[in-house]
Amino acid sequence: MTQTTQRPPFGEDSPARGSQATDAVRHRTVRAGGLEVPILEAGSGPLVVCLHGFPDHAASWTGILDRLAQEGYWAVAPAQRGYWPGGAAPDGSYRIATTGQDVLALIEALGREQADLIGHDFGAAAAYAATSLDRDVSASLSPWRVPLAVSC
């Protein structure tokens, strides 16, 4: 189930408030893995999921979402569990493997079987975890500003 929301989906006290999202970047909420996940998205085409780190937020990817959309991709930046008001994990888990499951659930909720994954900081850990849980889901994996993960 997807539901369109009005800006800003992260709450008035969120760091995403006042982000420089263009009209090409859309906000909505997607139900994935038991969470109502706010996402920013732009474009259409092959799916690219951009995963933020700490203390960042989905709006950190706005410029990159625009650029990926211009290049023919469907670029999506979700707010990861615990990073938005009301986004506390219902199961209390913030383990890396759980965030990897969230990525897999999001890709499925978006109606895709595969995505290119870009992760920054803790987002890279979530991308590594998703890929280790299901190697077929990741068309490519681009971790930014993190050491190479030997195992997850």
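Below, each value reflects all heavy atoms present in this structure, side chains not excepted, and no hydrogens, waters or symmetry copies. Note that the coordinates shown come from a computational prediction; the quantities given were computed from them, not determined experimentally.
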Close side-chain approach of [X] to [Y], heavy-atom, < 4.5 Å:
| X | Y | answer |
| --- | --- | --- |
| L133 | V103 | no |
| V37 | R31 | no |
| S60 | T62 | no |
| P143 | Y128 | yes |

* To do: For S138 and R135, indicate whether the former's side chain and the latter's backbone hold a donor-acceptor pair under 3.5 Å.
  => no
What closest approach, in Å, do [X] and [Y] show between heavy atoms, and which atom pair accounts for it?
| X | Y | answer |
| --- | --- | --- |
| L117 | A127 | CD1-O, 3.9 Å |
| L65 | V76 | CD2-N, 3.9 Å |
| A58 | H52 | N-CD2, 3.5 Å |

* Structure fact -> So the side-chain hydrogen bond (donor to acceptor under 3.5 Å, both in side chains) pairs with at least one residue in residues 42-51 (sequence neighbours excluded) are none
* Is it true that atom CD of Q114 has more than 12 heavy atoms of other residues, nucleotides or ligands lying nearer than 6.0 Å? -> yes
* Structure fact -> Checking D116, I107, V137 against V49 for side-chain contact (heavy atoms from CB on, under 4.5 Å), the one that qualifies is I107
Side-chain donor-acceptor distances from residues 88-98 under 3.5 Å, at least two apart:
{"residue": "D91", "atom": "OD1", "partner": "R81", "partner atom": "NH1", "Å": "2.9"}
{"residue": "D91", "atom": "OD1", "partner": "S93", "partner atom": "N", "Å": "3.0"}
{"residue": "S93", "atom": "OG", "partner": "R95", "partner atom": "N", "Å": "3.4"}
{"residue": "S93", "atom": "OG", "partner": "T98", "partner atom": "OG1", "Å": "2.7"}
{"residue": "Y94", "atom": "OH", "partner": "A89", "partner atom": "N", "Å": "2.9"}

